[in-house]
Amino acid sequence: MSTDSPIEIVDLRKEYGSFTAVNGLNLSIKKNSFTGLLGPNGAGKSTTLKILTHLIKATSGEAYLNGVDVTKDPKAALTNVGTVIETPEFYPYLTPRETMRYVGELIGMNKESIKTETEEILEKVKMTDWGDKRLGTFSKGMRQRIALGQALMNDPNIIILDEPTSGLDPRGMAEIREVLKNLRNDSNDLTIVMSSHILTEVQDLCDRIAMINHGTLLMDDDISAFVTSHGVKSVIAKTTEIPTAELIDRIGQLDYVRSAERLGNDVQIFIGDSNEERNRLFNDLAQMNAGIYSLAETDKLEETYLDLIKESA
Ligand code: ATP
């Protein structure tokens, strides 16, 4: 098994009775990448991550962590892996320091390492000042930071996160994202995979994106390569009145415009991905006197995501 892919999923299937949640999934996660496993609700993300972390068993297929198949030898496979699957329950009467000690002892760390790592980790998840307060009094966002913290015990080289910001308020989400960004920037040997159904979150945090739906892989690419490889950008023009067919026709006839179509009360215009074409479009639309009061470029990644999801429906 190649060490370039600390996580390797091969022909993975999970059936719940007659329902197939994961349908022959193949996915290779690159070493030191931060991969967003993106898909709509019910796509099979959690099921996949639960198989990877040995919370449930696959119906068939293989799932390697650091070269060891978790379906065959879960203990060895999970040795260097930190996980946060759903919001873990903690003992409410324990403090973060006590919780870390408990987790450290469970995974066989010695007392000295537990002490040192606990302080380092509390710093990383910005919970040092709360280290001796009982978890029962914490907000969900604070508990989630402790969940991340316990996943970091013993310096894993793989971290698996299932929707880590799910159910948090905007501030809680921002705090978790900041911790994840710092974690990534401060580590030389850390591969992170995180599921999410929020495209902007994946764009913000991850450098790779793997889209899944109905338990199969739709695409897997570098985010930056993906964003620049599609060559066409779409601009949404908002008009003061419902756009007429004549207006859409006139826009469509501009020589550099690939196509123009009505999108609700707006006009969606596809042009090439260059500043020159965008500037020409802005000028031409202004001269048309067509009551266009706003122009916004839409995110190609979002369009492609929605297209892929639609196609696979
Ligand atoms: P979400 O963001 O909603 O959690 P997901 O991509 O993580 O979506 P999964 O939780 O993996 O999706 O679920 C995939 C499909 O499998 C869903 O249709 C779900 O209803 C179904 N499913 C999950 N767990 C079970 C179960 N224990 N029994 C039966 N069906 C299940």
Side-chain angles (χ1 to χ4, degrees), residues 7-29 33-65 69-71 74 77-78 81-89 140-141 143-144 147-148 151 158-170 172-173 176-177 180 191-206 208-221 223 226 301-302 304-313:
I7 306 177
E8 188 95 44
I9 295 172
V10 185
D11 212 8
L12 198 68
R13 289 184 72 80
K14 177 66 186 179
E15 284 156 18
Y16 294 111
S18 60
F19 179 77
T20 305
V22 179
N23 191 5
L25 183 70
N26 289 291
L27 179 62
S28 233
I29 305 279
S33 69
F34 190 160
T35 299
L37 190 61
L38 186 71
N41 288 339
K45 306 178 298 289
S46 295
T47 304
T48 303
L49 297 187
K50 282 179 183 163
I51 294 171
L52 266 181
T53 50
H54 196 56
L55 290 172
I56 57 174
K57 281 200 160 132
T59 305
S60 62
E62 291 141 40
Y64 295 89
L65 295 166
D69 189 351
V70 73
T71 68
L78 288 161
V81 181
T83 66
V84 181
I85 306 289
E86 290 162 354
T87 306
E89 291 301 324
K140 193 166 179 209
R143 287 207 302 276
Q144 193 67 337
L148 256 182
I158 296 177
I159 295 189
I160 298 174
L161 309 166
D162 189 15
E163 308 226 10
T165 60
S166 165
L168 302 184
D169 63 18
M173 281 186 173
I176 289 285
R177 287 178 190 156
L180 290 175
T191 304
I192 311 178
V193 62
M194 169 191 90
S195 71
S196 176
H197 60 269
I198 309 170
L199 179 65
T200 47
E201 174 169 274
V202 170
Q203 271 180 289
D204 184 29
L205 293 174
C206 303
R208 301 263 315 166
I209 183 166
M211 287 187 193
I212 70 165
N213 201 14
H214 304 302
T216 50
L217 188 70
L218 304 180
M219 56 88 50
D220 169 29
D221 209 343
I223 290 193
F226 185 77
L301 195 56
E302 182 168 11
T304 310
Y305 174 50
L306 295 174
D307 282 352
L308 284 169
I309 299 300
K310 212 160 53 187
E311 276 167 25
S312 70

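Counting convention: from 1, in listed order, for ligands and their atoms alike. Just so we're clear, the structure is a prediction, and the values are computed from it rather than from any experiment. If you read the sequence from its start, that first residue is 1, and numbering goes on from there.
Protein residues having at least one heavy atom under 4.0 Å from any atom of ligand 1 are Y16, F19, A21, P40, N41, G42, A43, G44, K45, S46, T47, E163, listed by chain and number.
Scored by the side-chain contact (heavy atoms from CB on, under 4.5 Å) test, A58 finds L12, I51, T71 as partners (sequence neighbours excluded). Under the side-chain hydrogen bond (donor to acceptor under 3.5 Å, both in side chains) criterion, S195 pairs with D162, not counting sequence neighbours. Judged as a side-chain hydrogen bond (donor to acceptor under 3.5 Å, both in side chains), and not counting sequence neighbours, the contacts of D204 are K181.
Counting heavy atoms from C-beta outward, L217 and N26 have side chains that stay 4.5 Å or more apart.
The CG atom of N213 lies 11.0 Å from the CG atom of N23; values are rounded to the nearest 0.5 Å. Going from atom CZ of R208 over to atom OG1 of T191 covers 12.0 Å, rounded to the nearest 0.5 Å.
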